[in-house]
Amino acid sequence: MSAKSLLDQIKPTSGYVLIQPEEAQKQTTSGIYLPDNATGDKPQQGIVLAIGPSMYHDGKEIVSPAKKSDKVIYKKWGGNEVKIDGKEYLFVKFEDIMAVIS
């Protein structure tokens, strides 16, 4: 029986999703490879790994706009970074998810 990884044990709190951000582009369209410090902007897309329960505001239920394994676009400065097993992940509020890519 294999032990569950820490990532599998994380359950976001109400109103949050856990996202694995896409890797930053390391090569330009013309084929030039960029060093890690040259990619100024971080990607704003990622895959939803876990979803917290619905939250309530003024008596209204607010549900996640995405489901597990959806690819989403989130606000540029949205989310809180956390390192788990050496990789970076983001906790993003429901309201900071701008689109689900189908």
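All values reported here derive from a predicted model rather than from experimental measurement.
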(request) For side-chain contact (heavy atoms from CB on, under 4.5 Å), just list the numbers for I47 and I19, CA-CA rounded to whole Å, side-chain angles, deciding distance to a tenth of an Å, and then say yes or no. (result) CA-CA 5 Å; I47 303 294; I19 294 177; 5.9 Å; no
(request) Determine, stepwise, if the pair F91 / V17 fulfils side-chain contact (heavy atoms from CB on, under 4.5 Å). (result) CA-CA 6 Å; F91 282 101; V17 297; over 6 Å; no
(request) Please test L18 against L7 for side-chain contact (heavy atoms from CB on, under 4.5 Å), starting from the C-alpha separation and ending with a verdict. (result) CA-CA 10 Å; L18 178 63; L7 190 59; 3.7 Å; yes
(request) Using the side-chain contact (heavy atoms from CB on, under 4.5 Å) rule, take L49 and Y89 through it: C-alpha gap first, then chi angles, then the decisive distance, then the call. (result) CA-CA 9 Å; L49 301 177; Y89 298 91; 3.6 Å; yes
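With rounding to the nearest 0.5 Å, the separation of OH in Y56 from OG in S14 is 8.5 Å. Taking CD of E88 as the reference point, atom NZ of K83 lies at 5.5 Å (rounded to 0.5 Å). Atoms CG and OH, on N80 and Y16 in that order, are 6.0 Å from each other to the nearest 0.5 Å.
Ion pairing between a basic and an acidic side chain is recognised when a charged N comes within 4.0 Å of a carboxylate O; D96 and K93 show no such pairing. For K75 and E95, the salt-bridge test fails: no basic side-chain N is under 4.0 Å from an acidic carboxylate O.
Between V72 and I101, the closest side-chain pair of non-hydrogen atoms is not below 4.5 Å. Side-chain atoms of V82 and L90, non-hydrogen and from C-beta on, never get closer than 4.5 Å to each other. Residues K71 and V100 have side chains not in contact (no heavy-atom distance under 4.5 Å, counting atoms from C-beta outward).
Across every non-hydrogen atom of G79 and V92, the tightest pair is CA-CG2, 3.9 Å. Shortest non-hydrogen contact noted between K67 and I51 is CA-CD1, 3.3 Å.
Between the side chain of Q44 and the backbone N or O of Y74 there is at least one donor-acceptor pair closer than 3.5 Å.
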